[in-house]
Amino acid sequence: MLRDAFLSALVALGLFGAMIGLKTDVGATALTLTPRPLAVAVAVGLVFVGRLALLAWKKARPPHATGPGALARRMARIGHFVAPLLLAFAVALPLFAGRYWLDMGILVLTYVMLGWGLNIVVGLAGLLDLGYVAFYAVGAYAYALLSTQLGLGFWTCLPLAGILAAFWGMLLGFPVLRLRGDYLAIVTLAFGEIIRVVLLNWVSLTGGPNGISGIPRPTLFGLTFTAGGGEGSFADFFGIEPSVSHRVIFLYYVILGLALLTNWVSLRLRRLPLGRAWEALREDEVACRSLGINVTVTKLTAFAIGAAFGGFAGAFFATRQAFVSPESFTFIESAVVLAIVVLGGLGSQLGVALAALVMIGGSEVFRDLAEYRMLIFGAALVVMMVVRPRGLVSGRAPSVALGSRKRIAAEMVTEGRG
Amino acid sequence: MTALLSLRGVTAFYGAIQALKGVDLDVNEGEIVTLIGANGAGKSTLMMTICGNPRARDGQILYDGADISALPTHLIMRRAIAQSPEGRRIFPRMSVYENLLMGAHGRSAAEAEETMEQVFALFPRMKERATQRGGTLSGGEQQMLAIGRALMSRPRLLLLDEPSLGLAPLVVRQIFSAIRDLNRSTGLTVLLVEQNAFQALRLAHRGYVLVNGAITMAGTGPDLLARPEIRAAYLEGGH
């Protein structure tokens, strides 16, 4: 135990020796190096003590005190209550929450939707996609361009954005049909970057780094949500005082509806042969082939449907912000969505929602902590991987069952294998 | 009797390595035919080539009178051919019930239910374990599941790749007797690839011996069992 802790401290010394131990300052003529041995000592000491405490805790904790099945059953029971409660809370939020909380709700729900969309690709079909943000970008730019150039409305563009994103999903799918795991991850990562770089450099179409502004806001059956009220506005039609908050509430319900649609579709798909084929594909591709499943079509539909939901979310993002630029679609967005899916537990709908709430909501709440936010985020990820390596809500219920459904214990679900 | 499956001069390659060097083989309707051979002789390759992965480079694979050697795998598998692949390859995180349903991919729910009852009748253990996760089954049960899953598509021809792999002798006997019952009661045609030559030849009507990607001997089960060269190469020293 001591030896292990000592080795960890040694690694920490190697890492922090240069990162923390040497500080560059602007001197009179050139940069000067200031050594900071005390800071390094503190960091290394923290690692040593932390590792020792972790090992001691692991030793003290009896292995599976309640048994693996008990934990999964308890989680499942809690899940039965948590999901409807969360939904009721989400529906009722605009009744009592202010502008700030509604905006945050919209943000969280956008990520919930992205998480559920990516869950189809990563959680169900087992295809590790690091470039999911590309489809988000395609959806956002599709709406931005169609509305500003052709004057199409949000509700016309929403399905178009989804279809376009699905098309790009298939385009990505073709070259990666034969790839798995790490190789697939690299290609999808590159794909995400390609889309962003094209958006950045195709100035004549996308405006390049300046982005596209003045994107129209959505309407409710033709009723607009302008702050000043006036003819044909929501406030005018219902004869109420015009208010900016109407639009925020409307946007909130739009994204709530879209997210619930994503959830409903993925739950439905899981019960269909196609969804089962996705799950089987995640388990064993060769076995799928031997059963007469068309692996090509199965993979492409997973990419396309996952991408379509990314596209919907993108169109929503564009209309909410009224402005899009390539800056919103960097790799970190893909990483955050993937982290939500992995933290939530691959394939778990409730887990993804909770993870989005914790990660997006949490990082908003901790905004005041500025640069320490990422530190907390990183530490939370490490703790998660130690305590619940298979995600918040791990384990899966069979999509079809004879008689009573039986949950499959978390311990039996493989850890984060793309 | 007419041949349900016949291979004529089939060759197959892995890159530059020739794995099959012109294989001729017939499987008649209602027969159990076994293919025996040492490690690396090309037994599994032959099985996979019938399924179109890898594809046969030369020669013909005739199934029910039509050449299937150019068809994509999933279309071959929809022509009432089913395979229980080497190493079983069940879906470990899916329940037994879901595993079986995967075998009935592309068929109606009612048909699937009906076939599943037949599979449960053949392997009652599968019914007991229906809600259990595939990966928690014992080796023998996993093999039963793999065969059951293959049967879910109601095949005319069942390809079995090493069903005895890593199983206790008693379990092997159970599985082989299930295959025999199936063949007798439904007339299912079976092509069985085995290293366990003794058991396989006792079960099969006819057998082929594959050495280095080519057929070197063929004959009825008892006939091959009696040959001294077979005894020396595949049967002596335990099985």
Just checking A:Phe167: does its CZ atom have more than 12 heavy atoms from other residues, nucleotides or ligands closer to it than 6.0 angstrom? no

Looking at B:Arg89 and A:Ala287, would you say the former's side chain and the latter's main chain have a donor-acceptor pair under 3.5 Å? no

Calculate, to the nearest 0.5 Å, the distance between atoms CG and CZ belonging to A:Leu281 and B:Phe91 respectively. 8.5 Å

Heavy-atom pairs under 4.5 Å with chain B: which of A:Val286, A:Thr296, A:Val295 has the most? A:Val286

Residues A:Gly292 and B:His105: closest non-hydrogen pair is O-CD2, 4.4 Å

Please determine, among B:Gly103, B:Ser153, B:Pro92, the option with the most heavy-atom pairs under 4.5 Å with chain A. B:Pro92

Donor-acceptor pair, A:Glu283 side chain versus B:Arg93 backbone, under 3.5 Å? yes

Identified side-chain contact (heavy atoms from CB on, under 4.5 Å) counterpart of A:Ile293 within the set B:Arg78, B:Met77, B:Met102, B:His74: B:Met102

Are there more than 12 heavy atoms of other residues, nucleotides or ligands under 6.0 Å from atom CG of A:Leu85? yes

What's the shortest heavy-atom distance between A:Ser290 and B:Gln83, and which atoms? CB-OE1, 3.3 Å

One should read off an interatomic distance between B:Ile90 CD1 and A:Asp284 CG, to the nearest 0.5 angstrom, of 9.5 Å

Nearest 0.5 angstrom please: A:Leu291 CG to B:Thr73 OG1, how far? 12.0 Å

Engaged part of B:Asn53 at the chain A interface, taking heavy atoms whose separation is under 4.5 Å: side chain

